[in-house]
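Since the structure comes first, as structure tokens, the remarks are kept for the end.
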Amino acid sequence: MGLPEDFRWGVATAAYQIEGAVAEDGRGPSTWDTFSHTPGRTRDGHTGDVACDHYHRWPEDVALMAGLGVDAYRFSIAWPRVQPSGSGAVNAKGLDFYDRLVDGLLLAGIAPAATLYHWDLPQPLEDAGGWMERDTAYRFAEFSYLAAERLSDRVDMWITLNEPVVVTAYGYAFGVYAPGRTLLLDALPTAHHQLLGHGLAVNALRSRGARSVGLTNHYSPAWAASPADQPAADAFDAFMNRLFTDPVLLGRYPDLMGDAPFIRSEDMSVIASPVDFLGVNYYNPTRIATPAEGPLPFDIVDITEYPTTGMGWPIVPDAFLSLLRTLDSRYDLPPLHITENGCSFADEPGPDGAVDDPSRIEFLDAHIAAVRTAVDEGVDIRGYFAWSLLDNFEWAEGYHPRFGLVHVDYETQKRTPKTSYGWYRDLIASSKRR
């Protein structure tokens, strides 16, 4: 069978990771500005203040995408750039930037795919309780409406949330990402309020003419360390892979949510508002054991029998294929888009200035092969977005990991396409010659 003729090849980025210009043209502070400027929160104290300076260099970056021949570009709209306080008046200059970017993409023949929330919550909303508060869901719907009011005539795909499980787990439960709170299981309201915000945003987007609306989840197959650890692996699967998918596609939570007092009777029908696609982010599987003690029903243990990326993540393309099969068997799925897949390695220019990254090529090739196999087996996958176009600010790890197809010298902002850039360009071109 092969990939469908209209299969979309793309690349992905996120606003705080690449834009910089954090205090320009009326942008307000986000939780990531606050977090990264708090001593000890990010590696070597790195911040996104400048990042890849995409805010000023976006024409150069669009030209790089055009050189790749991609069909679509997944970017995120910085909420604090559009609504600095998280509610109320719109910052016109913030939306003007995305106007320019979207028009530039269309001029280059690239379809814009906009993510509305890629973790950069306006700090005033966090000061009022953040995603622990139900009101944040309504503020998110308002922001979504305003963004669509300006851009829905030209943006081809809308993604409401990016990886909400990471916000709940890393941001509110364990405190390793912004906003840095350590609520453990008391962070579960943030899951519900993000999902409620998603459902409200779906309806807000549609009211402004948005054509294709979905959300993006992070998925990681749960491997039990032993047969006795299967209940713990099931608990991890419920949290990581089902908590933000079951409510949207099945209209109910997995058992771990229970009869929570913050869930209102009318919420589930809002959360289950029909979506046009589901975004799938995949990087690696997770091995799970039964905890000896502690508040969580699972422990994560190392996977040591596979090669790893520069982040220490196991490289297991077969687990990606298994995930796609599981999603297809578990749900009556809308079309899927692989909205993130990629790897970090220590990529640096050689003596001739070239950046050779054969390990990334091998990683992408094997994972795209898994997508092809899944499509051959009948899984409806419509697109693949490589993470990432550029090396960028990698959250708590700062500028150390390099995920890009394009190397960025952060001192000079020089962009250098890596060997993988040429490989991906040739792959896209060959797929279009079929």
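Quick caveat, the model's predicted, so the values are computed rather than measured. Position 1 is the first residue of the sequence, and the numbers go up from there.
For the atom pair OG (S329) and CG (L324), the distance works out to 11.0 Å, reported to the nearest 0.5 Å. Taking CG of L405 as the reference point, atom CZ of R425 lies at 11.5 Å (rounded to 0.5 Å). For the atom pair NE2 of H198 and CG of L215, the computed distance is 5.0 Å after rounding to the nearest 0.5 Å. For the atom pair I271 CD1 and I263 CD1, the distance stands at 7.5 Å (nearest 0.5 Å). Here Y421 contributes atom OH and M65 contributes atom CE; the two are 9.5 Å apart, rounded to the nearest 0.5 Å.
In summary, D99 and R154 engage in a salt bridge, as defined by a charged side-chain N under 4.0 Å from a carboxylate O. The existence of a salt bridge linking E19 and R81 is confirmed by a sub-4.0 Å separation between a basic side-chain nitrogen and an acidic carboxylate oxygen. A salt bridge links R8 to D156: at least one charged side-chain nitrogen sits closer than 4.0 Å to a carboxylate oxygen. Salt bridge status for R27 with D33: present, with a side-chain N to carboxylate O gap under 4.0 Å. A salt bridge is defined here as a Lys NZ or Arg NE, NH1 or NH2 lying under 4.0 Å from an Asp or Glu carboxylate O, and D376 with R372 fails to meet this definition.
Under the 4.5 Å side-chain criterion, counting only non-hydrogen atoms from C-beta, V408 is not in contact with Y399. Proximity of R402 to F345: side-chain heavy atoms (C-beta onward) are nowhere separated by under 4.5 Å. Looking at L323 and V280, their side chains come closer than 4.5 Å, going by heavy atoms from C-beta outward. In this structure the side chain of R242 never reaches within 4.5 angstrom of the side chain of T245, judged on heavy atoms. When side chains are defined from C-beta on, D246 counts as touching Y331, because their heavy atoms get closer than 4.5 Å.
Not one N or O on the side chain of Y117 forms a donor-acceptor pair closer than 3.5 Å with the backbone of G197. Here the side chain of T168 pairs no donor or acceptor atom with the backbone of V165 at under 3.5 angstrom. K418 places a side-chain N or O within 3.5 Å of a backbone atom of G404 that can act as its donor or acceptor partner.
Under a cut-off of 6.0 angstrom, the local environment of CG in D332 is sparse, with at most 12 non-hydrogen atoms contributed by other residues, nucleotides or ligands. The local environment of CZ in R252 is sparse, with at most 12 non-hydrogen atoms from other residues, nucleotides or ligands closer than 6.0 Å. For Q413, the CD atom counts as densely surrounded, since its 6.0 Å shell holds more than 12 non-hydrogen atoms of other residues, nucleotides or ligands.
Side chains of N341 and Y384: a donor on one and an acceptor on the other come within 3.5 Å. A donor atom on one side chain and an acceptor atom on the other are found under 3.5 Å apart for T216 and T339. Remark: the E163 side chain and the H118 side chain contain no N/O donor-acceptor pair separated by less than 3.5 Å. For the 3.5 Å distance criterion, the side chains of H54 and N392 fail to qualify, holding no donor opposite an acceptor.
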Do R382 and D380 pass the salt bridge (Lys or Arg N to Asp or Glu O under 4.0 Å) test, and can you show the C-alpha distance, the side-chain angles, and the key distance before you say yes or no?
CA-CA 6 Å; R382 305 286 181 89; D380 186 4; 2.6 Å; yes
Test salt bridge (Lys or Arg N to Asp or Glu O under 4.0 Å) applied to R211 and D276, step by step:
CA-CA 9 Å; R211 294 188 290 272; D276 300 300; over 6 Å; no
Run R360 and D365 through salt bridge (Lys or Arg N to Asp or Glu O under 4.0 Å) and show every step you take.
CA-CA 8 Å; R360 178 169 291 102; D365 187 47; over 6 Å; no
Given D391 and R415, is the salt bridge (Lys or Arg N to Asp or Glu O under 4.0 Å) satisfied, shown in steps?
CA-CA 9 Å; D391 292 339; R415 274 84 159 132; over 6 Å; no
Can W387 and F385 be said to form a ring-ring contact (aromatic ring centres under 6.0 Å, His included), step by step?
CA-CA 6 Å; W387 184 270; F385 292 77; over 10 Å; no
Would S420 and D357 satisfy side-chain hydrogen bond (donor to acceptor under 3.5 Å, both in side chains), going step by step from the backbone distance to the final call?
CA-CA 6 Å; S420 59; D357 59 341; 2.6 Å; yes
Which pairs would a plain distance check flag for residues 169-178, meaning a side-chain donor or acceptor within less than 3.5 Å of a matching protein atom at least two apart in sequence or in another chain?
from	atom 1	to	atom 2	distance (Å)
Y172	OH	E126	OE1	2.6
Y172	OH	W131	N	3.0

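Ring geometry for Y283 versus H218: interplanar angle under 30°, hence parallel rather than tilted (30 to 60°). Under the 30°/60° scheme for interplanar angles, the aromatic rings of F75 and Y98 are found to lie parallel.
Looking at every heavy atom in both residues, L64 comes nearest to V406 through CD1-CG1, 4.1 Å.
Aromatic pair Y282/Y219: centroids not less than 6.0 angstrom apart.
For F236, the ring pair (Phe, Tyr, Trp, His ring centres under 6.0 Å) test picks out F298, with sequence neighbours left out. H337 pairs by the ring pair (Phe, Tyr, Trp, His ring centres under 6.0 Å) definition with F277, not counting sequence neighbours.
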